[in-house]
Amino acid sequence: MSVLVFVENNQGSFKKKTYELINYAAEVAKRTGGDTTALVLGQADDAALAALGNYGAVKVLHDSNAAFNNFGTRAFSKAVIAAAQKTGAKVIITNYDVEGKSIAGYVAAALKAGLVSGAVDYPVTEGGFTVKKTVFSGKAFANITITSDIKVVSLVPNTFPVQKTDAAATVEAFDTGVSTNNVTVKEVNKVTGAVPLGEAELVVSGGRGLKGPENWGIVEDLASALGAALACSRPVADAHWRPHHEHVGQTGGTIRPNLYVACGISGAIQHLAGVNSSKCIVVINKDPEAPFFKAADYGVVGDVFEILPKLTEAVKKFKAGHA
Amino acid sequence: MKILVCIAQAPDTTSKIAFTDNNTRFNEAGVTYIINPYDEWYALVRALELKEAGTAGEVHLVTVGNAGSEAIMRKALALGGDQAYRINTESTDTYLVAEQIAAFAKDKGYDLVLTGKESIDYNNGSIGASIAAALDTEYVGFATKLDVSGNTVTVTREIEGGEETDTVNTPVVISCQKGMAEARIPNMRGIMAARTKPLNVIEPTGTAALTQIASYELLPPKSGVKLFEADQMDALVEALHKDAKVI
Ligand SMILES: Cc1cc2nc3c(=O)[nH]c(=O)nc-3n(C[C@H](O)[C@H](O)[C@H](O)COP(=O)(O)OP(=O)(O)OC[C@H]3O[C@@H](n4cnc5c(N)ncnc54)[C@H](O)[C@@H]3O)c2cc1C
Ligand SMILES: Nc1ncnc2c1ncn2[C@@H]1O[C@H](COP(=O)(O)O)[C@@H](O)[C@H]1O
């Protein structure tokens with residue numbers, strides 16, 4: 001099946017999750033006997049576009065219209081639809097992230113295509129097209145069969161390791177026919193310095209066990225030794241010890257890092273709902289009965305004020321040895 | 001201006017997740033259903049705030065679901081919704097739900113259609129965008145702030161590593177998440193008023209689902225936590241590197 005992959009463009013450069021996504025699209029194409037076209041919207045130079053071939057794109061369609069200088073769901077989705085029609089794509093793939101989820105939902109409805117939002121594996125194509133996704137906030141999986149002719153799949157970032165070759169893609173300028181964007185940007189506020197939480201592979205998180213905002217230095221030290229982002233439990237954000245965007249759980253952010261280190265967090269079910277899908281969970285808590293230990297891969301029963309500095313030292317020593 | 005809030009029913013977060021019929025159905029035994037938290041705390045409450053501020057006129061509620069979802073609609077009315085509509089069909093797939101809501105909303109002149117950022121059972125986060133496609137309007141996903149002045153909507157939304165504030169014209173579909181409003185609980189007056197508010201039942205259009213759930217799987221149980229003592233931090237780091245392969 002011919003596969004179209006939407007490639008998020010960050011002012012001419014691409015993120016790791018995008019390379020992973022192109023790998024995924026190429027594998028789906030290979031398994032179903034088709035090839036992979038990537039669509040890039042907005043400014044990017046040809047060399048960078050051709051290099052997307054390293055990750056499995058055979059062809060790159062590029063529309064640099066100024067309408068794509070900022071994200072608007074409708075404009076971007078209409079461009080994806082135009083590219084899908086041009087290439088005859090039967091499978092359309094995006095990331096399961098803020099832009100990808102929006103585009104996937106829009107394109108699927110417009111093309112009358114079945115959608116699996118949040119895939120965690122390759123589709124099984126014997127006797128149909130069935131994709132596994134997480135459900136119930138990471139507590140279970142559902143295998144979903146798409147019955148329509150065109151299929152839309154969004155992939156959870158960090159599911160597969162990135163593979164690279166030295167193949168190049170052919171780059172073709174493509175007029176999507178989209179020239180207006182209804183969304184106007186007034187202001188952009190990026191959290192500076194720190195690793196953004198949503199895309200972090202490593203996360204260090206603190207709860208009420210830290211006792212107060214003045215004690216966050218030991219959490220930050222571990223995070224910076226690891227190169228990790230910071231997160232926290234809800235009461236911590238509610239008490240303004242930490243900013244609200246760091247709050248994870250049912251009412252906060254949902255994250256899927258490779259490593260989640262929970263410091264002084266009890267592991268209430270509403271907290272777990274946001275972090276359950278982490279690949280590896282380390283829990284540091286002085287109470288051996290804390291529920292979080294049941295969800296953990298590794299644990300330390302002890303005082304965060306003693307353990308965190310020791311763990312930070314061990315991480316630094318490890319990093320120095322593996323530099 | 002008129003606002004439509006899309007309300008999904010979801011199992012309470014503390015529900016035991018289990019499956020029956022050879023792992024093809026969610027086991028509803030003993031499960032309590034709630035309004036999907038993002039729909040209630042953010043989409044609905046923000047709509048009510050806009051009404052109270054005089055910016056919006058009526059706030060309508062819609063759900064796609066069978067008679068079992070009337071309890072959550074009563075609660076949404078008790079919080080302050082003016083009219084509730086239940087489209088009488090099982091909510092099985094994004095396409096089906098979005099098409100039903102769009103068919104209902106089409107000629108009713110809603111300026112804003114609000115959804116939650118995702119349902120806590122299926123975690124798709126995509127229905128709002130599908131509704132927008134079916135209505136051929138703009139969509140803004142994952143909004144943390146929402147203000148309206150005339151037909152201009154100012155919306156702050158999540159982007160990677162921060163937030164962006166955009167403006168867009170009505171009509172527009174917006175998905176809502178934390179930051180937008182504070183959760184409320186219904187008061188006695190609201191509960192009494194909700195008893196007499198209309199809960200309209202609408203028959204579905206013939207749209208069919210485009211996906212089917214082949215099976216469910218529970219997460220393989222964690223093999224048990226491996227504990228380290230305070231003086232074994234080097235060994236913990238080694239395990240994260242060699243066994244878990246995450247650093
Ligand atoms: C509807 C609803 C939605 C919710 N949504 C969320 C959500 O999105 N996110 C969220 O996080 N919570 C959420 N909650 C709250 C949740 O139920 C818990 O109350 C909360 O997660 C507890 O936070 P905590 O673990 O930081 O604090 P506590 O429960 O107070 O736990 C503190 C932990 O620290 C340990 N500790 C104390 N001192 C030390 C020390 N010196 N060294 C080591 N360990 C120590 C204690 O043993 C304890 O386990 C929600 C609740 C409800 C009802
Ligand atoms: N059956 C339904 N009826 C009405 N609204 C729904 C229904 N299912 C989902 N929604 C809305 O769509 C949002 C996103 O759901 P989802 O795309 O399934 O994660 C929810 O937060 C609701 O606002």
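Sequence lines set the chain letters: A, B, ... in the order given, protein chains first and strands last, and positions in each chain run from 1. Here the structure is a predicted model, which is why all the values come from computation and not from measurement. No hydrogens, no waters, no symmetry mates; every other heavy atom, side chains included, goes into these values.
Ranked by heavy-atom pairs under 4.5 Å with chain A, the first of B:Arg157, B:Gln232, B:Lys245 is B:Arg157. The residue among B:Thr207, B:Ile17, B:Ile213 with the most heavy atom pairs within less than 4.5 Å of chain A is B:Ile17. Taking B:Asp243, B:Thr167, B:Val246, B:Val173 one by one and counting their heavy-atom pairs under 4.5 Å with chain A, the maximum is reached by B:Thr167. Comparing B:Ala244, B:Ala230, B:Ser175 by heavy-atom pairs within less than 4.5 Å of chain A, the highest count is held by B:Ala230. Considering only heavy-atom pairs separated by less than 4.5 Å from chain A, the leading option among B:Ser119, B:Ser215, B:Ala10, B:Ala235 is B:Ser215.
Proximity of a side-chain donor or acceptor of A:Thr147 to a complementary backbone N or O of B:Leu210 within less than 3.5 Å is detected. A donor-acceptor pair under 3.5 Å is absent between the side-chain atoms of B:Thr211 and the main chain of A:Ile144, judged by distance alone. The closest donor-acceptor contact from the side chain of B:Ser126 to the backbone of A:Lys101 lies under 3.5 Å. Between the side chain of A:Lys133 and the backbone N or O of B:Tyr122 there is at least one donor-acceptor pair closer than 3.5 Å. Formation of a donor-acceptor pair under 3.5 Å by the B:Lys178 side chain with backbone atoms of A:His244 is found in this model. In this structure, the side chain of B:Glu138 engages the main chain of A:Arg74 through a donor-acceptor pair within 3.5 Å.
In this structure, B:Leu236 and A:Tyr298 have side chains that are in contact, with non-hydrogen atoms separated by less than 4.5 Å. Two residues are said to be in side-chain contact when any heavy atoms from C-beta on lie closer than 4.5 Å; A:Ser77 and B:Tyr139 fail this criterion. Between B:His241 and A:His322, the closest side-chain pair of non-hydrogen atoms falls below 4.5 Å. Side-chain contact check for B:Asn124 versus A:Leu115: every heavy-atom pair is 4.5 Å or farther apart. Looking at A:Lys186 and B:Glu164, their side chains never come closer than 4.5 Å, going by heavy atoms from C-beta outward. Side-chain contact check for A:Val282 versus B:Lys226: every heavy-atom pair is 4.5 Å or farther apart. Taking 4.5 Å as the limit, every side-chain heavy atom of B:Asn169 sits out of range of all side-chain heavy atoms of A:Asn182. The shortest side-chain heavy-atom distance between B:Ile159 and A:Lys190 falls under the 4.5 Å cut-off.
In this structure, OG1 in A:Thr254 is found 10.5 Å from CD1 in B:Ile120, a value given to the nearest 0.5 Å. Taking CZ of A:Phe136 as the start and OH of B:Tyr216 as the end, the distance is 5.5 Å to the nearest 0.5 Å. The CD atom of B:Glu160 lies 5.5 Å from the CG atom of A:Asp97; values are rounded to the nearest 0.5 Å. In this structure, CD1 in B:Ile247 is found 8.0 Å from CG in A:Leu202, a value given to the nearest 0.5 Å. The line from CD of B:Glu118 to OG of A:Ser137 is 6.5 Å long, rounded to the nearest 0.5 Å.
Atom CD of B:Glu229 is surrounded by 12 or fewer heavy atoms from other residues, nucleotides or ligands within 6.0 Å.
Taking each heavy atom of B:Ala129 and A:Ser102 in turn, the nearest pair found is CB-O, 3.1 Å. In plain terms, the two heavy atoms of A:Gly138 and B:Asn123 that are nearest each other are N-OD1, 4.5 Å. Residues A:Gly249 and B:Tyr38 come closest through the heavy atom pair O-OH, 4.4 Å. Taking all atoms of both residues into account, the shortest heavy-atom contact from B:Ala214 to A:Thr130 is CB-CG2, 4.3 Å. A pairwise comparison of heavy atoms in A:Ala109 and B:Ala133 identifies CB-CB, 3.9 Å as the closest pair.
For A:Lys17, the part lying under 4.5 angstrom from a heavy atom of chain B is the side chain only. Residue contact with chain B, scored on non-hydrogen atoms closer than 4.5 Å, involves the side chain of A:Leu226 exclusively. Looking at B:Thr14, both its backbone and its side chain come within 4.5 Å of chain A, counting heavy atoms on both sides. With a threshold of 4.5 angstrom between heavy atoms, A:Ala113 approaches chain B through N, CA, C or O but not through any side-chain atom. Residue A:Thr134 touches chain B through its backbone alone, counting heavy-atom pairs closer than 4.5 Å. Contacts of A:His247 with chain B are made by both backbone and side-chain atoms, with heavy-atom separations under 4.5 Å. Only the side chain of A:Lys132 comes within less than 4.5 Å of a heavy atom of chain B; its backbone N, CA, C and O stay farther away. Contacts of B:Asn23 with chain A are absent, with no heavy-atom separation under 4.5 Å from either backbone or side chain. For A:Ala295, the part sitting under 4.5 Å from any heavy atom of chain B is the backbone (N, CA, C, O) and nothing else. Interface residue B:Leu227: backbone and side-chain heavy atoms are both found under 4.5 Å from chain A. When heavy atoms are compared at a cutoff of 4.5 Å, A:Gln250 approaches chain B by way of both its backbone and its side chain. Interface remark: A:Phe71 contributes backbone and side-chain atoms alike to the contact with chain B (heavy atom separation under 4.5 Å). The parts of B:Asp121 that come within reach of chain A are both its backbone and its side chain, each placing non-hydrogen atoms under 4.5 angstrom from that chain.
Among A:Val183, A:Thr184, A:Val188, the one residue that satisfies the side chain to side chain contact (heavy atoms under 4.5 Å, CB included) test with B:Asp166 is A:Val183.
Electrostatic pairing of B:Asp234 and A:Lys310 does not count as a salt bridge here, judged by no charged N lying under 4.0 Å from a carboxylate O.
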